[in-house]
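Data block below; observations after.
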Amino acid sequence: MDKHYDPKAVEAKWYPIWENSGAFKPSGKGRPYSVVIPPPNVTGILHMGHALNDTIQDVLVRWHRMRGDDTLWIPGTDHAGIATQNVVEKALRKEGKRRQDLGREAFVQRVWEWKKQYGGTIVRQLRALGCSCDWSHERFTMDEGLSRAVAQVFTRLYDEGLVYRGNYIVNWCPRCGTALADDEVEHEPNHGHLWYVRYPVVGSAAGVNGEAYKDYIMVATTRPETLPGDTAVAVNPKDERYLHLHGKTVILPLTGREIPVLPDDYVEREFGTGIVKITPAHDPNDFLVGKRHGLAEINIMNGDGTMNDLAGAAYAGLDRFECRERIVNDLESGGFLDHVEDYDNQVGHCYRCHTVVESRLSPQWFVKMKPLAEPALEAVKSGKIAFTPKRYENTYFNWMEGIRDWCISRQIWWGHRIPVYYCECGHEWAAAEKPERCPKCGADASKITQDPDVLDTWFSSWLWPFSTLGWPDSTDDLARYYPTADLCTAPDIIFFWVARMIMAGCKFMGEVPFRNVNFHGVVRDAQGRKMSKSLGNSLDPLEIIGKYSADALRFTLMQTTSPGIDVFISMDKFEIGRNFGTKIWNAARFIQMHAGKIPGFSFAAHSGSNPGDAAGAAPERLSPDDRHILATADAALAAMDAALAGYRFQDAALAVYDFVWSQLCDWYLEVAKRDLYGADDARRAQVVAILADVFGRALRMIHPFMPFVTEEIWHQLGYATSETDSISHAPWPEPMSGELRAALGVTEEIRSYVNARHDLITAGRAVRAGISALKPSDKPAFVVSAKTPEAAIRLKEEAELLAGFLGASSVEILSGEHLSGMPTADTALGTIGLKLSGSIDAEAERKKARDEIAKLEGFLRTVEAKLSNETFLGKAPPAIVAQQKARREELLADLARKRAVLASLS
RNA sequence: GGGCGGGUAGCUCAGCUGGUCAGAGCACCUGGUUUACACCCAGGAUGUCGUGGGUUCGAGCCCCGCCCCGCCCACCA
């Protein structure tokens, strides 16, 4: 193995091998485990949010694959209607063209070309991340198959009366020229104004100047430019100030039109003046008021946000914001403007282009959501689908219970065209296939036109879990892999996507689309801002891969993320992952070096084994450290499995990190050197076998997080038998059986013994650090205090080794009262006392010892108080009381030791 | 306006159903030419766990109030 690990070369090498050998194709054997990727937009490039999302999925998928499940991860992309159309229109604009210049068909053709050329970016980037998707299952939401699914679903909903068309107020983006769904609108705080406008009461006076009216009412509005569309003003029916106005009419300033004053509950008495202007065509609430009172709907605006003729000759053609200024000026000069106040409110913006959204009256298609929501609600309530973290279930319930109809038509060209057809005879129908003739009058295709609108992008993504498996055909994939297992996503698309998929699954499949939804956090920068291109604060995953490696990116993300908690991250954090990769590499080199000295040694023999298998050959020769590392490996595995099962990726990452770094490398590898550099060949072979076992297991445990470096080492060391024999197919480790544990003597006593000795050595190291400046003649002496003879003997052996290593002058076993202590092994092996000699800073050491004694005495007092408290003794569980008693013993022992240290210093 | 999340060492965060729970990594300080690794090893210092009450024998952990930060939802013109 090379001295230095080169992730670039290694990572570039493995992905093609995996892909070409079909390593990520489902095996067809075992329990099915399937996942669909949240399809990124074709226009997208990989950002940190994807990196987190896709790494999580890959960890789950690789884990399940190694556990023998029949694993299928379906990748793909979303056609992203508005976003993609915007990108292509932008490119066209550089050529000085608009989409209208090309015409619909040519434009759509153009988008397809764009998709072919650039749409693969993100898909390539997923490979760089190491995602083990099955690319033979890759889908695109505008694929032939998925398009059929969309048409079929629409037709079915249409025929069942769950789709309807109507003239409604919708959110409208004037820049994109299309309707938007409610959740495609982002509300942001806006520092605006509240204009107070006088509406003269009819019959009070004559004249055109507002001030000339003695009798007027005052209306407060944030949107004066919609004034020409007013068809009434409204007051709260219970508002006593305005009872006299009921049934009166007022004059709409600037227009001279008479409009009625209406009582309506919608009006809040406290807000503004308590009188609201009603503009049914330009405000969702006013629209409803208008419907209740049969008001005219005057649409004064064009689709592009300019005013039309109905706004009046003076304003026609003006942009809406120019028009606002103009109207305010005109109101002022006409004497209608009373005063202006600053006013902060929320204004909706297009989630794609950030233009201020209009409420616009237009004919649109809607889906009735209530009937779809009910089973979907039940699916989560009954536990057929579980959310992690669970609290998102409430968010889901709240939204589903108040669900509103979904506006699915978009006035753009890129997308699934609405499959509704109109015949000249007046017949309207929906059909999955383009019709040859009118089913009613039999007219041929020339008399038939298709609805010009396309469907909301989410109308195809809500079918993703089954459309990608072949629906509406009944395929083997569908039978085997639906429902999918885990859906991983950030909570920001819980309504857009998650809820709708559940509805679609329940409705069209009669079965939930997935069993579990795992919500992870949103990736933010060190300042806590959401990473976005516009802020320029986005870390580029590819840059991180270039600088640190994909493994480093993945590992750092996993050890940083907590369920449902946002991830704050900065560049230097990826050193954690990089360093871990290097650590593993070096450990591998070390093991290989020693294995190379054992004739006929084979790593392959350990590629599927579990700890203990090889060590079992001569259990009587196992050292306490051998037993300890075997037991610790088991504990790490159990911790990791539990964490992954609970979607706690950070816990899983830390479990394996601590095991490999602190337990295996810092401890066992160092201890093993005594034997590895020793003269006993049989013992050396045994240690190498244990290392091969334990390290092979560690590699497999790390693999879901760091697929590349583990694969490389797997091959370099020879665990793999051929280039295509991937670690990703190696069996996931299993814990030792109870029999094996017993046979090998892997007991709790061993763990406490080794821990105690660890303390001894740690203490010894501290001593060395403390005396390093001393002359050679001033050597430390160890005082080992043990509570059982066996422990004392063992500790003496270790201490002697250590003493030789440290150059200590003597090791001394205290006898007498120290040996007559607790009989049980685990409490018997406490930490050691140290006797110091030599010209160390005795004064400082004494002070330290005195401080510690004082501290311990404090603790002891607390414990004593507790143990003499009748209530505590009566109410606390016996185990807790016992614990406190043990604590008292420990404290007493500690105290004795510290006092001994102090005495030795005096 | 409603709902949710967070406020623990200088920084980024762990602390599961109340009883060694005061932790990890980074940064910092001290020491290290021991034959896997300085992307390393050994050792060390650091916190009235946002705040004020309450429940309990016992509270970062449970309850109530308050203060910050962030997110989501919402038709107040």
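A note on names: the letters A, B, ... follow the listed sequences, proteins ahead of strands, and every chain is numbered from 1. Bear in mind the structure is a predicted one, so any value in this text is a computation, not a measurement.
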### Query
Rounded to whole angstrom units, what separation is found between the CD atom of Glu401(A) and the P atom of A74(B)?
15 Å
### Task
Can you establish whether the number of heavy atoms outside Tyr196(A) located under 6.0 Å from its atom OH is more than 12?
yes
### Task
Quote, to the nearest angstrom, the P distance that separates G58(B) from G18(B).
16 Å
### Whole-angstrom distance between U8(B) and G50(B), as gauged at atom P
6 Å
#### Entry: Separation of atom CG in Asn285(A) from atom C1' in C75(B), rounded to whole Å
3 Å
### Task
Mind listing the closest non-hydrogen atom pair of Glu297(A) and Pro280(A) along with its distance?
CG-CB, 3.8 Å
#### Entry: Conformer about C1'-N of G60(B) - syn within 90° of 0, anti elsewhere
syn
### Query
At under 4.0 Å between heavy atoms, what does Phe580(A) touch on the DNA or RNA strands: base, sugar-phosphate, or nothing?
nothing
### Query
Checking all strands, does Phe574(A) fall into the base, sugar-phosphate, or nothing category for heavy-atom contacts under 4.0 angstrom?
nothing
### Query
Considering only side-chain heavy atoms of Asp651(A), which listed nucleotide, A14(B), C39(B), C75(B), is closest?
A14(B)
### Task
Taking atom P in both G6(B) and U48(B), compute the distance separating them and give it to the nearest angstrom.
22 Å
### Query
Between U46(B) and G54(B), how far is it from one P atom to the other, in whole Å?
31 Å
### Asn586(A) side chain, from C-beta outward: closest of A77(B), U12(B), A36(B)
A36(B)
### Query
Reckon Tyr677(A) touches a base, only the sugar-phosphate, or nothing at all at heavy-atom distances under 4.0 Å?
base
### Message
Side chains of Ser662(A) and Asp658(A): any donor to acceptor distance under 3.5 Å?
### Response
yes
### Task
Examine the base of A36(B) for any acceptor or donor lying under 3.5 Å from a partner atom in the side chain of Glu670(A), and report the outcome as yes or no.
yes
### Query
Which residue lies toward the 5' end of RNA chain B, Leu664(A) or Thr273(A), if each is placed at its nearest nucleotide?
Leu664(A)
#### Entry: Integer angstrom distance from the P of U56(B) to that of C49(B)
22 Å
### Message
How many whole angstroms separate atom NZ of Lys277(A) from atom C1' of C76(B)?
### Response
14 Å
### Query
Counting only distance, no hydrogens or angles, is the base of C4(B) paired donor-acceptor with the side chain of Arg391(A) under 3.5 Å?
no
### Summary
Looking only at heavy atoms, the pair that brings Met369(A) and Asp405(A) closest together is N-OD1, 3.1 Å
### Task
Tell me the partner of C40(B), counting only Watson-Crick (N1-N3 plus N6-O4 or O6-N4) or G-U wobble (N1-O2 and O6-N3) with both under 3.5 Å; none if nothing fits.
G32(B)
### Query
Between Phe555(A) and Phe580(A), is the ring centre distance below 6.0 Å?
yes
### Query
At under 4.0 Å between heavy atoms, what does Val219(A) touch on the DNA or RNA strands: base, sugar-phosphate, or nothing?
nothing
#### Entry: Gap between atoms CD1 and C1', on Ile278(A) and C75(B) respectively (whole Å)
12 Å
### Query
Across all strands, who's sitting opposite A27(B) as a Watson-Crick or G-U wobble pair, both distances under 3.5 Å?
none
#### Entry: Proximity to the side chain of Asn579(A) - top-ranked nucleotide from C73(B), C39(B), A77(B)
C39(B)
### Task
To the nearest Å, give me how far apart NZ (Lys673(A)) and P (A42(B)) are.
11 Å
### Query
Which class fits the ring pair Tyr392(A) and Phe519(A): parallel under 30°, tilted 30 to 60°, perpendicular over 60°?
tilted
### Task
Using atom CD of Gln650(A) as one end and atom P of G25(B) as the other, report the distance to the nearest whole Å.
13 Å
### Message
Give me the distance, rounded to whole Å, that separates G10(B) from U51(B) when you measure between the P atoms they each carry.
### Response
14 Å
#### Entry: Nearest-angstrom distance from the residue atom CZ of Arg589(A) to C1' of U35(B)
11 Å
### Message
Please report the distance separating the P of U17(B) from the corresponding atom of U30(B), rounded so that it comes out in whole Å.
### Response
42 Å
### Query
With a non-hydrogen cut-off below 4.0 angstrom, is Lys3(A) in contact with a base, only sugar-phosphate, or nothing?
sugar-phosphate
### Euclidean distance, atom CG of residue Asp572(A) to atom P of C26(B) [Å, nearest integer]
12 Å
### Task
Please determine, for C4(B), whether a Watson-Crick or G-U wobble partner exists with both distances under 3.5 Å, and give it or none.
G70(B)
### Task
Scan Trp195(A) against the nucleic acid and name what it touches under 4.0 Å (heavy atoms): base, sugar-phosphate only, or nothing.
nothing
### Task
Pick the C1' atom in G15(B) and in A59(B), then give their distance to the nearest Å.
14 Å
### Task
Scan Leu669(A) against the nucleic acid and name what it touches under 4.0 Å (heavy atoms): base, sugar-phosphate only, or nothing.
base
#### Entry: 5' priority, RNA chain B, between Glu575(A) and Thr560(A) [closest heavy atom]
Thr560(A)
### Query
Angle class for the Tyr657(A)/Trp661(A) ring planes (parallel below 30°, perpendicular above 60°, tilted otherwise)?
tilted
